[in-house]
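Structure record follows, encoded as structure tokens.
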Amino acid sequence: MALGWKLHGDGATVSSSTIVAPDERLSWGRTIGLGVQHVVAMFGATFLVPLITGFPPSTTLLFSGIGTILFLLITGNRLPSYLGSSFAFLAPIGAATKIGGIPLALSGIIVVGVLLAIVGAIVHLAGAGWIDRLMPPVVSGAIVALIGFNLAPAARDNFTKAPVVALITLAAIILVTVLFKGLIGRLSIVIGVAVGYVAALVGGQVDLSKVGEAAWIGLPTFTAPAFDAGQLAVYLGFVPVVLALVAENVGHVKGVGQLTGRDLTPLTGRALFADGVSTVLAGAGGGSATTTYGENIGVMAATRVFSTAAYWVAAIVAILLGLSPKVGMIISSVPAGVLGGATTALYGLIGVIGIRIWVENRVDFAKPKNQLTAGIALIMGIADFTFSFGGATFGGIIVGTIAAIVVYHLMDLVGRARGTDPATPEASDQAHAATGAVPAEPRAD
């Protein structure tokens with residue numbers, strides 16, 4: 001692994017026919033500016049996760065930066081990517097927190113991180129073909145969609161606490177998205193939150209008392225995880241997140257590879273392993289679980305700069321922000337109404353991303369196999385079907401995920417054996433890459 005970067009051209013410009021490759025950089029002044037731009041791109045989604053879950057925002061920012069550095073090191077500084085907070089964990093974290101508080105939720109995050117790292121090691125040794133066979137597009141799309149739609153009641157609860165502020169926030173997100181292109185359009189979530197925050201300030205709904213008391217520089221709050229062998233159902237509730245993260249990471253690797261014109265598939269196992277290690281580290285210290293961010297892939301596509309040097313800058317800036325308790329308290333002061341407006345858009349976007357996976361991969365819904373796989377999984381996830389077995393309770397996400405995998409493969413097996421359903425061809429790399437640039441995270445476009 002080399003941490004040195006070749007200077008691209010004159011270090012100041014990028015022609016319309018070239019890109020700045022991962023092992024290249026522009027001048028350090030421009031690279032620092034691009035790094036800060038990546039921080040801005042990831043910030044809106046990353047700080048919303050701890051606000052929703054009750055985790056300390058400063059701790060989340062700190063581990064986000066550390067996780068990004070680990071990712072760059074483990075992937076040999078060849079795969080430009082930022083690790084921000086994952087929205088896929090929201091539902092299981094919410095369930096775990098109600099039972100055993102944040103420490104139990106952190107232990108669930110660690111379980112997912114360990115499993116993801118194991119999957120990464122297997123992919124590195126055996127290749128990623130088995131992932132496509134286990135989770136064809138109709139299955140992976142259903143899992144991503146039900147994770148987003150399962151969260152709809154949480155968005156409604158926050159929205160109804162301050163409907164006027166929530167409506168202002170949601171309207172601002174919609175208007176910014178439709179009025180602006182490029183980076184500003186991609187930042188519609190964070191801009192909408194800022195507009196809603198101002199509206200909440202005017203309405204006297206923001207408590208700033210703790211902001212003034214917080215120091216500018218200091219360590220964030222660290223929380224230790226607490227494992228409980230008696231909470232098997234809680235841990236099983238986290239397992240479907242592994243499948244979503246695998247699909248997400250694989251898609252991102254293919255997406256960046258397509259944009260850079262390089263075959264980055266051999267780095268897939270490393271990427272999964274790195275995300276797993278980063279998630280374990282975050283869970284061990286009280287931060288939100290991490291995932292690769294499509295927002296930042298969008299920034300690279302727009303700027304044509306894929307230099308990993310910019311991500312080192314972004315990671316360092318995130319760490320510095322995490323070491324400011326005052327920044328953390330400002331984030332923590334965002335009221336419920338603002339969250340309600342933002343999450344109404346965010347959770348819907350996560351669900352629609354699952355649907356986009358179907359569209360981009362041309363899933364044939366004329367086939368009963370695909371109809372029933374998607375339909376049953378979505379109903380179970382959205383309605384939050386809950387089953388109890390052996391004293392353990394399993395919620396809609398895990399039930400819907402299991403249903404998607406079992407229904408698809410059972411119908412596929414029987415259909416091929418009976419000759420009533422020919423084998424479905426695997427999706428092309430181009431289709432995966434087209435979907436890969438869209439994560440299981442919110443994006444303005």
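Of the candidates V211, L48, T46, L61, I331 forms a side-chain contact (heavy atoms from CB on, under 4.5 Å) with just one, namely L61. A side-chain contact (heavy atoms from CB on, under 4.5 Å) with P80 holds for exactly one of V305, L72, V20, V256; it is V256.
Side-chain contact check for L219 versus L323: some heavy-atom pair is nearer than 4.5 Å. Counting heavy atoms from C-beta outward, L79 and V253 have side chains that approach closer than 4.5 Å. Between V123 and W130 the shortest side-chain heavy-atom distance falls below 4.5 Å. T291 places none of its side-chain heavy atoms less than 4.5 Å from the side chain of L83.
Within a 6.0 Å radius of NE2 in H409, more than 12 heavy atoms belonging to other residues, nucleotides or ligands are found. Summarising the local packing, CG of L179 is surrounded by more than 12 heavy atoms from other residues, nucleotides or ligands at distances under 6.0 Å.
Side chain of T308 to backbone of R78: no donor-acceptor contact under 3.5 angstrom is found. Remark: the backbone N or O of G230 is paired with a side-chain donor or acceptor of D228 at under 3.5 angstrom.
How far CD1 of I319 is from CZ of F63: 10.5 Å, rounded to the nearest 0.5 Å. For the atom pair OG1 of T265 and NZ of K254, the computed distance is 4.5 Å after rounding to the nearest 0.5 Å. Taken from CE in M300 to CD in Q37, the straight-line distance is 11.5 Å, to the nearest 0.5 Å. Note: I402 CD1 to L243 CG = 10.0 Å, rounded to the nearest 0.5 Å. With values rounded to the nearest 0.5 angstrom, S140 atom OG is found 9.5 Å from W358 atom CH2. Here the CG-CD distance, from L236 to Q231, works out to 11.0 Å after rounding to the nearest 0.5 Å.
Of all non-hydrogen atoms in F149 and P153, the two that sit nearest each other are O-CD, 4.5 Å. Counting all heavy atoms, side chain and backbone alike, P92 lies closest to V241 at CG-CG2, 3.9 Å.
Between F89 and F238, the angle of the ring planes lies from 30° to 60°, which puts this pair in the tilted group.
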Pairs of donor and acceptor atoms involving the side chains of residues 102-119, under 3.5 Å and at least two apart or interchain, shall be tabulated with distances.
unit_1: S107; atom_1: OG; unit_2: L104; atom_2: O; d: 2.5
unit_1: S107; atom_1: OG; unit_2: A226; atom_2: O; d: 3.3
unit_1: S107; atom_1: OG; unit_2: Y235; atom_2: OH; d: 2.9

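Partners of T223 by side-chain hydrogen bond (donor to acceptor under 3.5 Å, both in side chains), not counting sequence neighbours: none found. By the side-chain hydrogen bond (donor to acceptor under 3.5 Å, both in side chains) test, T221 is found to be paired with no residue, residues two or more places apart in sequence or in another chain being considered. Applying the side-chain hydrogen bond (donor to acceptor under 3.5 Å, both in side chains) test to R262 and every residue at least two apart in sequence or in another chain returns D23. For K98, the side chain to side chain contact (heavy atoms under 4.5 Å, CB included) criterion is met by no residue, not counting sequence neighbours. Y311 meets the ring-ring contact (aromatic ring centres under 6.0 Å, His included) test with H38; sequence neighbours excluded.
Side chain to side chain, T31 and W312 fail the donor-acceptor criterion of an N or O pair below 3.5 Å. The closest side-chain donor-acceptor pair between T60 and S85, if any, does not fall under 3.5 angstrom. For the residue pair D275 / T290, a side-chain donor-acceptor distance below 3.5 Å is found, with atom types taken as modelled.
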Determine, step by step, whether V195 and T169 satisfy the side chain to side chain contact (heavy atoms under 4.5 Å, CB included) criterion, reporting the C-alpha distance in whole Å, the side-chain angles of both residues, the deciding distance to 0.1 Å, and the verdict.
CA-CA 6 Å; V195 171; T169 303; over 6 Å; no
